[in-house]
Amino acid sequence: MDSILVSACLRGVPCRYDGRDKAVPELAEAIGDRRALPFCPEVAGGLATPRRPAEIVGGDGHDVLDGTARVVTDTGEDVTAEFVEGARRALAAAQRGGCTEAVLMPRSPSCGRGEIHDGTFDGTLRPGDGITAALLERHGITVTAAPGV
Ligand code: SF4
């Protein structure tokens, strides 16, 4: 059976910054008959739950990986290193599990695919990928944003 990496919060794990999960019934269809491998990059990167919300400032996840953007919390703490470490661990988990696809939580600075928050903490979105989504894509893993969220 094929495996697919899934944002842990979508599978009901209460690992979001606010200590909640984001389980949605639409996820089951996106996973299909594959084995879901739940993973939370931010927790894996060493961040606590709950935690301050964080956004990418100065670009998207690709820019963070390239060293030209960073991740900060709403109180100004730089958490770039934790987010990059979490992305690396997500990639390692995906590769270990033989995943060629991932379905991830939309708009997250880690898991977002196609659009993310723009770093102003006012709900504005911008085109781009989260750091984990960007790193997975760079290694040939197809990332899609989960439906219904
Ligand atoms: Fe969910 Fe991803 Fe945020 Fe973890 S890092 S809480 S899996 S969106």
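Just follow the structure's listing: the first ligand is 1, and inside any ligand the first atom is 1. What's counted below: heavy atoms across the whole structure, side chains too, no hydrogens, waters or symmetry copies.
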> Could you tell me whether the side chains of Asp122 and Thr120 share a donor-acceptor contact shorter than 3.5 Å?
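Yes.
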> Could you tell me if any non-hydrogen atom of Arg51 lies under 4.0 Å from any atom of ligand 1?
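It does, in that a heavy atom of Arg51 comes within the 4.0 Å cut-off of ligand 1.
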> Tell me whether Leu104 shares a hydrophobic cluster with Leu27, the cluster being built from Ile, Leu, Val, Met, Phe, Trp, Tyr side chains joined at under 4.5 Å.
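Unlinked, Leu104 and Leu27 end up in two clusters.
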> Between Ser7 (side chain) and Cys9 (backbone), is there a donor-acceptor pair under 3.5 Å?
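Judged by distance alone, no pair lies under 3.5 Å.
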> Is there a donor-acceptor contact under 3.5 Å from the side chain of Thr132 to the main chain of Cys111?
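Such a contact is absent between Thr132 side chain and Cys111 backbone.
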> Sort out for me which residue in Ile56, Val57, Val64 forms a side-chain contact (heavy atoms from CB on, under 4.5 Å) with Thr80.
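Of all the options given, the one that passes is Val64.
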> Examine distances only and state if a side-chain atom of Glu42 and a backbone atom of Leu47 form a donor-acceptor pair shorter than 3.5 Å.
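Side chain of Glu42 to backbone of Leu47: no pair is present.
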> Can Tyr17 be said to touch ligand 1, with heavy atoms closer than 4.0 Å?
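Checking ligand 1 against Tyr17, which is what was asked, there is no heavy-atom contact under 4.0 Å.
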> With atoms numbered from 1 as shown, which atoms in ligand 1 lie under 4.0 angstrom from a non-hydrogen atom of Phe39?
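Those atoms are 7 (S).
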> Counting only heavy atoms from other residues, nucleotides and ligands, does the tally under 6.0 Å from CZ of Arg34 exceed 12?
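For Arg34, atom CZ is crowded (more than 12 foreign heavy atoms under 6.0 Å).
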> How many protein atoms of type N/O/S are positioned less than 2.8 Å from atom 2 (Fe) of ligand 1?
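My tally for this metal is 1.
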